[in-house]
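A short worksheet on the structure shown next.
Just so it is clear, the values below take in all heavy atoms, side chains as well, and ignore hydrogens, waters and symmetry mates. Just so we're clear, the structure is a prediction, and the values are computed from it rather than from any experiment. Residue numbers start from 1 in every chain, and the chains themselves are labelled A, B, ... in the order their sequence lines are given, proteins ahead of strands.
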Amino acid sequence: MSRSRNFDVRGTPRRRRASLRTGRRRVAGRALVVTGFAVSILTGVLLYFLPAIQVALRDTGQANTSLGGDPQLKPVSASEHLSSTSPFTLLLLGSDSDSKFRGDYLTQSMILTRVDPVTRHVTMLSIPRDLWVRLCNGGNGKIDQAFLHGGAQCAIQTVEKDMRVHIDYYAWIGLQGLVSVLDDLGGINVVANNPVMDDYYPADLSGGSPFAYQRILVLPGAQHMSGTLALQYVRARHDDAYGDFARSQRQQQVLIALRAKTKHLSIADIPNLAASLGSDFQTDMSIGQVSGLLPIAGSVPLASIMQVVLLPPYTSSEYVGGQDALMPNWSLIRPEVARYFPVTA
Amino acid sequence: MKRTLILIALMVASCAAANRTLAVLQNHTNAGSLVDTTSPQVTLPGTIYVSQQGAIFVIKGSTVRRLPLPSGGAWIQPRALPDGSLLVVRRFDQYSDLYHVSASGRVLSRMTGDDQSSVNRTLQLDHWILWPAVSPDGTTVFFATDSPKPAPRQSYEVDFSLWSAPLDGPIAVGDNGVSGGTRWSVPDAYTGGDIEPIPLPDGDVLYSSYANSGNGQVQSVLGLQTGPQSRMVSLTTPAQDCGTPAVAGDGATVAMVCTNGGQTADLEVATLEGSTLSAPRVLVANCLCNSPSWSSSGANLLYMDASDPDGNFGLWYVAGATNLHPGSPRRVTDASVDLDATSAAAWIS
């Protein structure tokens with residue numbers, strides 16, 4: 001019996017040993033297959049949760065350092081906070097910043113804004129991009145060329161001289177920057193005025209040819225807009241009875257909608273937003289000044305926002321220098337600008 | 001050789017398992033976004049179809065399910081037919097098509113083929129078809145389309161006009177118009193045009209008409225026509241800027257959304273008598289309201305609204321909205337649900 005037991009343990013016959021080896025291999029093979037499938041399923045789960053993991057990593061601050069973006073905002077300085085009482089003017093600039101312009105940007109949008117923190121009153125004046133003016137370099141041209149000739153400083157000087165107004169700050173944003181900031185904020189709610197349609201809308205952000213077209217349609221009425229949809233809403237112009245003027249009104253609408261978002265922002269959000277905007281955003285305001293602007297913007301009632309667009313007779317269409325342009329009627333425009341944008345000490 | 005084949009088969013099966021896991025999880029998320037968050041506090045009778053993130057959801061009592069429509073494009077603007085089936089618009093980036101689908105989500109027919117550029121390679125000759133509405137006798141479908149393209153074709157002008165066509169046949173939208181269809185309106189150029197047709201029991205058609213106001217704005221009025229391309233009677237003024245009409249089961253009470261030129265809107269109701277609309281009563285003021293729709297057999301109103309300027313668009317309900325003293329608005333879906341506000345709910349009650 002004991003021999004037999006020893007025999008079983010130590011002296012397995014060849015056939016049984018082979019059978020055991022085969023059995024082990026089979027078990028190992030099956031385990032390998034099961035493990036393979038488990039790894040595959042885990043891979044699927046990992047892919048599913050990847051965006052959440054990325055967000056989690058970003059929220060722990062790791063993305064701030066890894067992005068390495070050079071935020072265009074100046075560092076926080078306690079002494080540079082916006083005065084809580086003095087009205088100030090801000091020139092908002094927007095450009096088609098896609099690859100077909102290779103960094104030589106015109107400004108498609110130019111909105112002169114005055115904020116009065118005490119009365120919580122905001123005035124927005126859209127300056128038509130085709131307005132024929134004397135530029136900062138002394139020549140005449142459309143006002144959208146000022147930024148092209150000398151960046152934000154030239155745009156500011158041009159507006160200050162022609163409109164006889166003082167500008168305290170500026171902020172410039174490119175196409176992708178606008179999409180990014182709106183998406184980062186979770187989109188906006190807008191009441192679209194009418195069906196906005198364009199069969200020749202530039203397909204310059206889709207990665208293909210920057211000269212290609214696409215069809216777009218923004219349905220009318222109240223709706224939630226993503227960054228891309230909001231960009232289509234403010235940028236489309238070909239099927240529009242009022243062309244650039246209607247576009248200016250829509251741009252002001254989006255700015256007003258953005259104001260609702262500022263209620264949820266704090267100074268801690270500014271660096272992340274700036275990093276996400278990257279080179280598609282420039283301003284001469286510090287982070288402290290921007291953060292000071294947020295509660296003001298968030299507290300302005302809708303009824304206290306004045307929107308101004310320079311329709312005829314303030315402007316008139318003319319063919320100048322081989323191109324269609326809008327001639328300013330300064331005798332009408334300047335008194336209005338002086339009324340809405342008084343120069344304060 | 002046999003082992004190699006088994007190895008390859010296992011690798012393929014393994015990849016399929018990973019892919020399937022991802023698909024199941026993604027599908028679970030999509031279906032759950034509305035299912036898991038519908039508020040149980042308002043349980044409405046009948047069946048309600050809504051659109052969210054390109055999918056059609058069915059709300060029945062306190063349960064919600066997603067219609068298993070084919071993937072690709074966004075399924076929007078469901079309209080219920082008398083037999084319980086649906087007309088649904090499938091919108092892609094550059095065109096849209098009209099589909100007839102069963103109540104369970106099976107595609108019965110694709111009624112249009114508006115992806116013209118796949119044949120003629122001219123993007124501008126693609127078409128939109130939106131806001132389908134079936135005549136009270138159930139034989140004719142009314143809709144808005146951007147056809148015909150005015151001469152010279154492929155110009156910048158692209159506006160909606162209203163058309164009707166037999167419901168039982170395919171609808172051929174071409175660059176000259178709708179073959180076999182009837183054109184109802186000629187839009188004001190470069191405004192967006194005429195949209196949201198509602199065929200009335202007496203044969204008239206109520207709709208939203210956008211026009212150049214001459215004061216630097218495009219504004220909308222509710223228009224009424226008694227026949228194809230007949231003169232439009234304006235039921236509201238451009239200053240009211242009203243649109244998205246919906247007519248109650250009584251055939252006379254009209255719900256509409258008016259901005260009065262502002263950044264918010266009012267949800268209003270008024271009574272249509274012949275070609276006159278009574279003074280409106282405001283149901284909800286200063287809202288982000290859109291897309292009202294009535295219960296098929298009653299006086300109860302559904303609409304989309306974001307309760308605050310930064311909030312999600314949910315489904316809201318007003319009981320007895322045709323009455324002088326309607327009920328208070330109640331939110332049907334949970335605050336975390338964000339519905340397609342431009343897509344009216346279809347309610348079979």
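- The parts of B/Asp159 that come within reach of chain A are both its backbone and its side chain, each placing non-hydrogen atoms under 4.5 angstrom from that chain.
- Taking OH of B/Tyr156 as the reference point, atom CZ of A/Arg237 lies at 6.5 Å (rounded to 0.5 Å).
- Chain B forms the most heavy-atom pairs under 4.5 Å with one residue out of A/Asp198, A/Val196, A/Ile216, A/Leu302, and that residue is A/Leu302.
- The heavy-atom pair separating B/Trp131 from B/Ala144 by the smallest distance is CE3-CB, 3.7 Å.
- With rounding to the nearest 0.5 angstrom, the CZ atom of A/Arg114 is 12.5 Å from the OH atom of A/Tyr340.
- Just one of B/Thr264, B/Asp266, B/Asp241 meets the side chain to side chain donor-acceptor pair (under 3.5 Å) condition when paired with B/Thr259; it is B/Asp241.
- Applying a 4.5 Å heavy-atom cutoff, the residues of residues 210-220 of chain B that approach chain A are B/Tyr210, B/Asn212, B/Ser213, B/Gly214, B/Asn215, B/Gly216, B/Gln217, B/Val218.
- Rounded to the nearest 0.5 Å, atoms OG (B/Ser291) and CG (B/Asp305) are 11.0 Å apart.
- A salt bridge links A/Arg215 with B/Asp146: the closest approach of a Lys/Arg side-chain nitrogen to an acidic carboxylate oxygen falls below 4.0 angstrom.
- One finds a salt bridge joining B/Lys149 and A/Asp199 here, because a Lys/Arg side-chain nitrogen approaches an Asp/Glu carboxylate oxygen to under 4.0 Å.
- Across every non-hydrogen atom of B/Tyr303 and B/Cys289, the tightest pair is CE1-SG, 4.1 Å.
- In this structure, no portion of A/Ile188 lies under 4.5 Å from any heavy atom of chain B.
- Taking the six-membered ring for Trp and thresholds of 30 and 60 degrees, A/Tyr200 and A/His238 have ring planes more than 60 degrees apart, a perpendicular arrangement.
- By the 4.0 Å N-to-carboxylate-O rule, B/Asp114 lies too far from B/Arg90 to be salt-bridged with it.
- Summarising the local packing, CG of A/Asn329 is surrounded by more than 12 heavy atoms from other residues, nucleotides or ligands at distances under 6.0 Å.
- Heavy-atom pairs under 4.5 Å with chain B were tallied for A/Val190, A/Ile305, A/Asn189; the largest tally goes to A/Asn189.
- For the set B/Asn312, B/Thr244, B/Asp126, the entry with the most heavy-atom pairs within less than 4.5 Å of chain A is B/Asp126.
- Both the backbone and the side chain of A/Pro220 come within less than 4.5 Å of a heavy atom in chain B.
- Counting heavy-atom pairs closer than 4.5 Å to chain B, the top residue among A/Asp240, A/Leu185, A/Leu217, A/Val191 is A/Leu217.
- Of all the listed residues (B/His127, B/Glu196, B/Met304), the one sharing the greatest number of non-hydrogen pairs under 4.5 Å with chain A is B/His127.
- For B/Val257, no part lies under 4.5 angstrom from a heavy atom of chain A.
- Considering all non-hydrogen atoms of both residues, A/Ala192 and A/Tyr233 come closest at CA-OH, 3.3 Å.
- Here the closest non-hydrogen pair linking A/Asp269 and A/Leu265 is OD2-CA, 3.4 Å.
- For B/Asp310, the parts sitting under 4.5 Å from any heavy atom of chain A are the backbone and the side chain alike.
- Only the side chain of A/Leu311 comes within less than 4.5 Å of a heavy atom in chain B; its backbone stays farther off.
- Between the side chains of B/Gln263 and A/Gln307, at least one donor N or O lies within less than 3.5 Å of an accepting N or O.
- Here A/Ala241 is the residue among A/Gly187, A/Gly186, A/Ala241 with the most heavy-atom pairs under 4.5 Å with chain B.
- The minimum heavy-atom distance between B/Ala345 and B/Leu315, with the atom names listed, is CB-CD1, 4.0 Å.
- Residues of residues 242-258 of chain A that come within less than 4.5 angstrom of chain B, heavy atom to heavy atom, are A/Tyr242, A/Gln249, A/Gln253, A/Ile256 in numerical order.
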